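The block underneath contains the structure these notes are about, expressed in structure tokens.
This one's a predicted model, so the numbers in the text were calculated from it and none came from an experiment. Values reported hereafter were calculated over all heavy atoms of this structure, with side chains retained and with hydrogens, waters and symmetry mates removed. Note on naming: letters A, B, ... go to the chains in the order of the sequence lines (proteins, then strands), and numbering restarts at 1 for each one.
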Amino acid sequence: MNVLICIAKVPDTTTKITFTENNTQFNTDRVQWVINPLDEFALTRAIEIKEALGGTITVMNVGLADTEPLIRKAFAIGADEGIRINAEPTDCFFVASQIAHYAKEGNYDYIFAGRETTDYEGAQVGGIVAEFMGIPFIAGVPKFDYDGTTATMEREIEGGKEVITVNPPFLASIQEGVTEPRIPSMRGIMSARTKPLTVVEPVEAGSFVGVNSYELPPAKGDCKYVDAENSEELINLLHNEAKVI
Amino acid sequence: MAVLVYADNSGGSVPNSALEAVYYASKVAAEKGTETIAVVIGALDNAILESLGNYGADKVLHYSDDKLSDFDSQSYTRVVSDAINSTGANVIIFSHNYASKSIGPRLSAKLQAGMAVAVMGLPKIDGDSLTIRRTVYAGKAFADVTISSAIKIIAVTPNAFSPEVTDKKAAVEPASVDLTDSDFGMKITDTNKVTDKVSLTEATVVISGGRGLKDASNWDMLEEMADMLGAATACSKPVADMGWRPHSEHVGQTGITVRPNLYFAIGISGAIQHLAGVNGSKIIVAINTDSEAPIFKAADYGIIGDAFEVVPRLNTAIKNLNG
């Protein structure tokens, strides 16, 4: 069983978001970079399934050399091999074009991507890769099982859930709930150094969406307190002052 | 070049978020001096299809093939791209929801089209490029982005636009596309739709609870409040992790982003990852015993107090208000 996990580098979710260069660049000063949390859920679930069925897990990242520590982290968690496509990720279309090109060579049974990255939140890479490869795409999967032949998963649609079955090859974008992240073991960390990390060059691909500038939301006004003994007054304020109920 | 909008069919009705998308599409079409065409898939009353005109659609293409009863990103993408081909549309609008996340990226690949999601504002159209405001970093910032491809896909944030309703009726045209087995890749074995509950991303009021509520059984009073206010219920990450509530209710950076008119944070301290998912809300109410909880910095109204005393009193007040 061969499985591919697409991983992205994002700022840790506790990062205070600020911008530089006249609000055109994200301020990377003192930012702690992590594997996109949803990608890490996907990776961890794939490792659990591999522990039951065997196989090889490959992680793939589009990024410059500074993403390699995160690929090594994925190795420490349990991925077997890594491929870094040596390019600055510009937009979802560009990133997905790269992944699709190299994923076609890999003969993967299934591919996981996180539902979205926690920074740019494009939520497109998985779907674009699936279309380029002509395979089913299941978005937003919080529960996933695979018996070696058929995958059974849940997806969260508007106002409900569906259980679906799909045969490989397919691509699922994973969201929270699928499993809990793991802390790498000392053995995992030691073995991460020697696992194969291949660097490949990007292919020609378009890039159609560019950020011109960023803006922080306006600061919130002060909180208006209502005395707990007089809680009913809150409903009055919400009805007559804020007019939201 | 028309503007095409995908209008969701939620088991025989068109949800508010889709009506907002239709309205948004009509605004973009007006700016471009062209018509607004809605695509609807699956069985739906003709009167409902015509009523999309109230929100700005000139025409509705209705694909009602029985094979489309299950949502499959492959077959649905075939349909929408057929509609794009037949209308020559070069701007495609979705509501930012499950359908847009499933169909939008596939269209992007198929049509070499750039896609902007979580869109908050109307576009500025300048020749062949289109600039638009969206949220990034789970609502912690806005980004002005330019789409430069010939065909452009936009997914609009729910609750960000209030449609002006007219009595215009849309012209409904039945449409079909030849679907083959290769357009279907999955089998749906079980559907569990909670039809009597308000969808979290669409809800105008959200009642959310945190660890401060101490136990899953204590959500009863929140459910009661939600019922009275027509609200959706939600929770913080620790609550979902402990299994008190399903992950589908987890609001925050790695969960769902909401932007209701009113967000109740009850027993939620307000970690930065939680605030990221809710700070687009119009009004935030915080109820917490800890006066130092960061949630109060994000809140418009606050009560420092025990949820087990405060919430029942609020419920009584709401009951009185509702008469």
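Contact of S281(B) with chain A is made through the backbone alone, with heavy-atom distances under 4.5 Å. Heavy atoms closer than 4.5 Å to chain A are found nowhere in E309(B), neither backbone nor side chain. Of the two parts of L229(B), only the side chain, counted from C-beta on, holds a non-hydrogen atom closer than 4.5 Å to a non-hydrogen atom of chain A. Neither the backbone nor the side chain of A271(B) comes within less than 4.5 Å of any heavy atom of chain A. Both the backbone and the side chain of I147(B) come within contact range of chain A, with heavy atoms under 4.5 Å apart. Neither the backbone nor the side chain of S100(B) comes within contact range of chain A; no heavy atoms are under 4.5 Å apart. Heavy atoms of F184(B) lying under 4.5 Å from chain A are absent altogether. Interface remark: S173(A) contributes no atoms to any contact with chain B (heavy atom separation under 4.5 Å). The contact between K237(B) and chain A is made entirely by side chain atoms (from C-beta outward), counting heavy-atom distances below 4.5 Å. In this structure, chain B has a heavy atom under 4.5 Å from the backbone of T15(A), while its side chain stays farther away. When heavy atoms are compared at a cutoff of 4.5 Å, V205(B) approaches chain A solely by way of its side chain, counted from C-beta outward. Heavy atoms closer than 4.5 Å to chain A are found nowhere in A118(B), neither backbone nor side chain. In this structure, chain A has a heavy atom under 4.5 Å from the side chain of T201(B), while its backbone stays farther away. Looking at T191(B), the atoms closer than 4.5 Å to chain A (heavy atoms on both sides) sit in the backbone and in the side chain alike. For V285(B), the part lying near chain A is the side chain, with the backbone staying farther off; criterion is any non-hydrogen pair under 4.5 Å. Both the backbone and the side chain of I128(A) come within contact range of chain B, with heavy atoms under 4.5 Å apart.
Contact tally against chain B (heavy-atom pairs below 4.5 Å) for N167(A), I135(A), I138(A), D227(A): the top residue is I135(A). Listed options V117(B), T146(B), N97(B), T189(B) were ranked by heavy-atom pairs under 4.5 angstrom with chain A; first place goes to T146(B). Contact tally against chain A (heavy-atom pairs below 4.5 Å) for I304(B), D306(B), N320(B), L107(B): the top residue is I304(B). Ranking I272(B), I303(B), L130(B) against chain A, the residue ahead of the rest is I303(B), based on heavy-atom pairs under 4.5 Å. With respect to chain A, the highest number of heavy-atom pairs below 4.5 Å among I188(B), V136(B), D72(B) belongs to I188(B). Counting heavy-atom pairs closer than 4.5 Å to chain B, the top-ranked of the candidates N23(A), V166(A), V244(A) is V244(A). When each of G252(B), G305(B), S108(B), A231(B) is checked for heavy-atom pairs under 4.5 Å with chain A, S108(B) comes out on top. No other option in G127(A), C223(A), G114(A), A228(A) has as many heavy-atom pairs under 4.5 Å with chain B as C223(A). Between chain A and the options P246(B), S182(B), S10(B), G255(B), heavy-atom pairs under 4.5 Å are most frequent for G255(B). Here S213(A) is the residue among A130(A), S213(A), A123(A) with the most heavy-atom pairs under 4.5 Å with chain B.
Side-chain contact check for M115(B) versus F93(A): every heavy-atom pair is 4.5 Å or farther apart. No side-chain heavy atom of K152(B) sits less than 4.5 Å from a side-chain heavy atom of F208(A). By the 4.5 Å heavy-atom criterion applied to side chains, T77(B) and F137(A) are not counted as neighbours. You'll find the side chain of T118(A) reaches within 4.5 Å of the side chain of T254(B), heavy atoms only. In this structure, the side chains of P105(B) and E131(A) stay at 4.5 Å or more apart for every pair of heavy atoms. You'll find the side chain of T14(A) reaches within 4.5 Å of the side chain of Q273(B), heavy atoms only. At least one side-chain heavy atom of M186(B) sits under 4.5 Å from a side-chain heavy atom of R155(A).
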Original post:
Would Q175(A) and H247(B) satisfy side chain to side chain contact (heavy atoms under 4.5 Å, CB included), going step by step from the backbone distance to the final call?
Top reply: CA-CA 9 Å; Q175(A) 67 184 48; H247(B) 273 288; over 6 Å; no

Original post:
Passes side chain to side chain contact (heavy atoms under 4.5 Å, CB included), R134(B) versus Y120(A)? Steps please.
Top reply: CA-CA 10 Å; R134(B) 57 161 299 196; Y120(A) 191 69; 3.4 Å; yes

**OP:** Determine, step by step, whether E121(A) and Q253(B) satisfy the side chain to side chain contact (heavy atoms under 4.5 Å, CB included) criterion, reporting the C-alpha distance in whole Å, the side-chain angles of both residues, the deciding distance to 0.1 Å, and the verdict.
**Re:** CA-CA 10 Å; E121(A) 301 178 301; Q253(B) 183 131 21; 5.7 Å; no

Original post:
Between F264(B) and L234(A), does a side chain to side chain contact (heavy atoms under 4.5 Å, CB included) hold up when you go through it step by step?
Top reply: CA-CA 11 Å; F264(B) 270 90; L234(A) 175 69; 4.1 Å; yes

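Counted within 6.0 Å of CG on N240(A), heavy atoms from surrounding residues, nucleotides or ligands total more than 12; the atom is thus considered enclosed. Heavy atoms from other residues, nucleotides or ligands lying under 6.0 Å from CG of D128(B) number 12 at most. In D147(A), the CG atom is crowded: over 12 heavy atoms of neighbouring residues, nucleotides or ligands sit closer than 6.0 Å. For CG of D222(A), the number of neighbouring non-hydrogen atoms (other residues, nucleotides, ligands) closer than 6.0 Å is 12 at most. With a 6.0 Å radius and a threshold of 12 heavy atoms from other residues, nucleotides or ligands, D126(B) has its CG atom at or below the threshold. Atom CD of E105(A) sits in a crowded spot, with more than 12 heavy atoms from other residues, nucleotides or ligands closer than 6.0 Å.
Of the residues listed (L216(A), T13(A), D119(A), V10(A)), the one engaging Y137(B) in a side-chain contact (heavy atoms from CB on, under 4.5 Å) is D119(A), and it is the only one.
In terms of heavy-atom proximity, A141(B) sits nearest to P217(A) at CA-CD, 4.0 Å.
Here E232(A) contributes atom CD and I318(B) contributes atom CD1; the two are 10.5 Å apart, rounded to the nearest 0.5 Å. The line from CG of D91(A) to OG of S149(B) is 9.0 Å long, rounded to the nearest 0.5 Å. For the atom pair N192(B) CG and I157(A) CD1, the distance stands at 9.0 Å (nearest 0.5 Å). Separation of atoms CD (E180(A)) and CG (D241(B)) is listed at 5.0 Å; rounding is to 0.5 Å. Rounded to the nearest 0.5 Å, atoms NZ (K220(A)) and CG (L275(B)) are 10.0 Å apart. Within the model, atoms CG of L200(B) and CD of E156(A) stand 10.0 Å from one another, a figure rounded to the nearest 0.5 Å.
Panel note: side chain Y301(B), backbone I235(A); no donor-acceptor pair is recorded below 3.5 Å. S231(A) places no side-chain N or O within donor-acceptor distance of the main-chain N or O of L314(B), the cut-off being under 3.5 Å.
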